[in-house]
Amino acid sequence: MSGTVTRVVDLSVVIPAYNEERRLGPTLDAVTGYLSDNESRFGEWEVVVADDGSTDGTGDLVVARDDPRIRLVAGDRNRGKGNALRLGVAATRGSRVLVTDADLAAPIEELQQLDKALSEGNAAAIGSRSVPGATILSRQHRVRELLGRAGNLLIRRVAVPGIRDTQCGFKLFDGDRARAAFAASRLNGWGIDVEVLRHFRRADWSVAEVPVRWSHQSGSKVGPLDYAWVLAELARLRARSVRPADVLAAVCFLLMAVALYSGRFFDPAHRYLPDSLQDQNQWEWFFAVTADNVAHLRNPLFTDLQGFPGGVNLMANTVMLGLSVPLAPVTLAFGPALALSLCMTLGLAATAAAWYWLIVKRVVRHRGAALVGASLAAFAPPMVSHANAHPNFVLLFMIPLIVDRALRLCEGARVRRDGVVLGLMAAYQIFLGEEPLLLASTGMALFAATYALVRRDVAKAAWRPLAKGLAIAGAVCLPIVAYPLYWQFAGPQSYHSVLHGDNAGNSPLALLSFAERSLFAGDADRANALSLNPTEQNAFYGWPLVLLALAITVRLWERPLVKALAVTAAGAALLSLGPKFRVPLTDTVYPGPWALLADKPLFESVIEGRLAMICAPALGMLLALALERLASARSVTTLYGGLLAVALALLPIVPAPLKAVDRAPVPRFFTAGMWKPYVHEGESLVPVPLPDPGAAEALHWQTAARLGFKLPGGYFNGPYGPDRAGIYGAAPRYTSDMLRDVRYTGSAPTIDANWRAQARRDFAYWHAGALVLVPQDNDDRLRKVVTELVGRPGKWTGGVWVWDLHERDPARRDPHEGS
């Protein structure tokens, strides 16, 4: 049939068909017979057969019916079910449109169930085999059924959450909305169902999922490879759903991260971030030893390659197993320097993208406002400071996801599922960094308490599902992390706490001053005077941004979200001052609220100044809210005045690229394997002086030697003394302390029999095979001291001085021989 038809009917039935000559006849008989018998309910009807380029007599069968209510639309060639449905629905003229497969796996009689759901105000009613009440009379092959379930699970996760069965070929739509949705579709294959339902969801048109009777029919056109094709179409659908503004934001974040690390990013193996102090050496070693443990199927929670013979409890150190383990192949193939560089650069960009996603979803819809807010959250001065040395405080991409999942729990829609997901997220974050999770939880608690006070109605409705969800999350998380946490707190080389001294909190001036790496206002002397070191400039938001945040809070105070964000930022800033703080320019000291938490488990190891990092996302969200309000301002003066204020507040804290210098070359003694004859099985190689938190270059030599030898000393957190208090580095010994003092002061003690006896005991404790001295400050004094301790001069080889402790027992040798 052909010709233009404009008269509206009550119901259009669209049947996609490809080589359905055998099955289409009985289907048309069933459909037309049922509709004819029930015209009092369904009204005037039509059937549109959408022929997808059939090569058999499908089209002729339709034409032979010679019924004006049965029409044929045909494609020029076989393109897929999606193309057929698009043609068929476009040709309909019904107030309602039913789409059904040619095999009538769901009998036409089920139309009454869908019609009832549509009459209740829904825009679409779709048949489902997966909701309670559905009846499956004849099942598919088990493999096909499992593939279908897996596909539906994936579809729910990535495209249409909440719909259990998108692929059942029996759907009733409001006619005008169906024609709009199918016209907007682009997929030609089986993924058309998902694309159309996604269109309905994004347009906020309600969709009801209705249980139906269903029977598998032989002769299905869905082959095993079609499942893979549907997945490919889902990927295309997902890619097309991304807004250009979101892609631009992600690219901006990546460019910002690369610019920040530009001094090292393009040659990570030969460049060093001096403001990381010794942390770059430490973190590269963490990545290297984790990859080595994975490659050799060793325990990833412990190693004795450093801190020999006691070893290092890796779980009690921030080795970030959540990334260092997955990145092990990269580390093994390209080295830990490249792996760490990629991790920090891409991780920082991912963190910004995650904050952007959360802000767009929960705070503002304006993409530009979200971009600025997320940039502040991820590239604020304290984040840039930690970007020198602490990946665990840079890779925070899980924190926004955890925040969002906690907010979902408050909504109470899918408490069990969201609780399980939150538990998995928390477990993974523990393997990325426990302290950031603790700080994030503190910030979330501040926000929740404030929001509950200003919105008691919301809190009353939310606390039960939140409590239930958190209990479920704990039940999921704890079994995953129980053993690693046991190892961390009770395993070999575990410790109780790490004491950071009495001055780890921020000065009030630090909150108002500018960080060293602020491009336009940076002041290195002032920043270093107000912080522990360049990696711990934990505040430094600058007085212009603080004033702007205060102005935003006052202007938007009527909004509960603004109140909660402002109190969160102010509370975190106050906690970051530490257990006590001095009023600037006076001798007046006040106790701080952190004193209530300072000696509590977990909190006792926190550097309290880091609590100011909580301010970054809170300030970013306040800024996003203000920018969205400005974007809707009618007054040009208000718009440009507000944008100028924002620019003046942010420009002083725009970060400069991190400082990078050429890395000192590793002596050939290590890179060429010249150390091997000196270190036997079970022995260690002892650098002079031993590596410690102040000089850990020996860790770089060890990674350059592919972790072939073990080191006493080192840079890690470990126990000290009978109470196992946490310290940085290995427990000191007389000889290691003395050699360190010689290096830093140039002053050496008189080496007598007592010093030589002590050295023999320490060498035996370290299982030392050789002592190695690399050229450095005061190396002449060090060489003299070691010669006197060992009783003979060292040997210059491979760019280092070596004392082979296997040659002769120094106890039997004249102490002055060879001096």
Side-chain angles (χ1 to χ4, degrees), residues 10-18 20 23-24 26-35 38 41-42 45-50 52 81-82 84-86 88-89 92 94-120 122-140 144-145 148-149 151-152 155 160 163-175 177-178 181-182 185 190-197 200 205-222 230:
D10 295 296
L11 175 66
S12 296
V13 179
V14 179
I15 304 175
Y18 174 67
E20 293 287 2
R23 296 194 296 185
L24 187 58
T27 295
L28 288 175
D29 291 339
V31 170
T32 57
Y34 178 76
L35 295 179
N38 292 274
R41 175 170 184 174
F42 299 112
W45 53 268
E46 68 175 353
V47 176
V48 177
V49 177
D52 188 32
K81 177 185 176 182
L85 283 177
R86 192 158 42 247
V89 172
T92 63
S95 299
R96 292 160 295 161
V97 173
L98 173 69
V99 174
T100 180
D101 289 340
D103 60 4
L104 275 187
I108 188 62
E109 289 79 10
E110 295 300 294
L111 174 60
Q112 60 181 329
Q113 305 296 332
L114 272 59
D115 183 65
K116 179 183 176 182
L118 205 68
S119 300
E120 292 172 351
N122 294 295
I126 65 173
S128 176
R129 298 159 291 184
S130 301
V131 295
T135 302
I136 300 179
L137 301 176
S138 175
R139 293 186 175 275
Q140 307 175 78
R144 188 186 297 273
E145 188 171 311
R149 289 181 179 178
N152 276 326
I155 289 168
V160 282
I163 296 181
R164 299 187 182 184
D165 186 1
T166 61
Q167 302 309 107
C168 179
F170 199 71
K171 298 177 174 68
L172 182 64
F173 301 96
D174 171 84
R177 289 169 175 167
F182 278 92
S185 68
W190 303 100
I192 185 73
D193 297 286
V194 181
E195 185 177 16
V196 168
L197 291 175
F200 271 67
W205 298 338
S206 59
V207 176
E209 196 169 3
V210 181
V212 295
R213 290 181 295 126
W214 187 89
S215 298
H216 173 64
Q217 305 295 322
S218 60
S220 172
K221 297 295 190 298
V222 182
V230 170

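In what follows, residues are counted from 1 in the order of the sequence shown. Quantities reported herein were computed from a predicted structural model and do not represent experimental measurements.
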For [X] and [Y], which heavy atoms make the closest approach, and how far apart are they?
| X | Y | answer |
| --- | --- | --- |
| A134 | S128 | CB-O, 3.4 Å |
| G133 | P211 | C-CB, 3.4 Å |
| V49 | A17 | CG1-CB, 4.1 Å |
| A125 | A117 | CB-CB, 3.8 Å |
| G94 | E46 | N-OE2, 4.0 Å |
| A102 | P16 | CB-O, 3.8 Å |

(Q) Applying side chain to side chain donor-acceptor pair (under 3.5 Å), can you list everything that pairs with T135, at least two apart in sequence or on another chain? (A) none
Q. What pairs with N122 under side chain to side chain donor-acceptor pair (under 3.5 Å), at least two apart in sequence or on another chain?
A. S206
What's the separation between atom [atom1] in [X] and atom [atom2] in [Y], rounded to the nearest 0.5 Å?
| X | Y | atom1 | atom2 | value |
| --- | --- | --- | --- | --- |
| F173 | L114 | CZ | CG | 9.5 Å |
| L98 | T92 | CG | OG1 | 11.0 Å |
| L24 | D29 | CG | CG | 9.5 Å |
| L197 | E209 | CG | CD | 9.0 Å |
| N38 | L11 | CG | CG | 11.0 Å |
| L85 | I192 | CG | CD1 | 6.5 Å |

Q: For D10, check salt bridge (charged side-chain N to carboxylate O under 4.0 Å, His left out) against everything at least two apart and list the hits.
A: none
Q | Results of salt bridge (charged side-chain N to carboxylate O under 4.0 Å, His left out) for D115 - residues two or more places apart only | A | R41, R96
Q. For the residue pair F42 and Y34, does the interplanar ring angle fall in the parallel (under 30°), tilted (30 to 60°) or perpendicular (over 60°) class?
A. tilted
Q) Yes or no on side chain to side chain contact (heavy atoms under 4.5 Å, CB included) for V31 and L104, after CA distance, side-chain angles and deciding distance? A) CA-CA 9 Å; V31 170; L104 275 187; 4.2 Å; yes
Q.
Taking side chain to side chain contact (heavy atoms under 4.5 Å, CB included) as the definition, give me every residue that meets it alongside A123, ordered by chain and number, with sequence neighbours left out.
A. R177, F200, W205
Q: Just jot down the side chain to side chain contact (heavy atoms under 4.5 Å, CB included) partners of Q113, sequence neighbours excluded, or say none.
A: E110, V210
Q. Are the side chains of F170 and V99 in touch, meaning some heavy atoms are under 4.5 Å apart?
A. no
(Q) Any non-hydrogen side-chain atom of K81 less than 4.5 Å from a side-chain atom of D193? (A) yes
(Q) For a side chain to side chain contact (heavy atoms under 4.5 Å, CB included) check, start with the C-alpha distance between V13 and W45, then their side-chain angles and the critical distance, and finish with the verdict. (A) CA-CA 8 Å; V13 179; W45 53 268; 5.8 Å; no
Q.
Go through it in stages, so that I can follow the logic: the residues are I15 and T100, the test is side chain to side chain contact (heavy atoms under 4.5 Å, CB included), and I'd like the CA-CA distance, side-chain angles, deciding distance and then a yes or no.
A. CA-CA 5 Å; I15 304 175; T100 180; 3.9 Å; yes
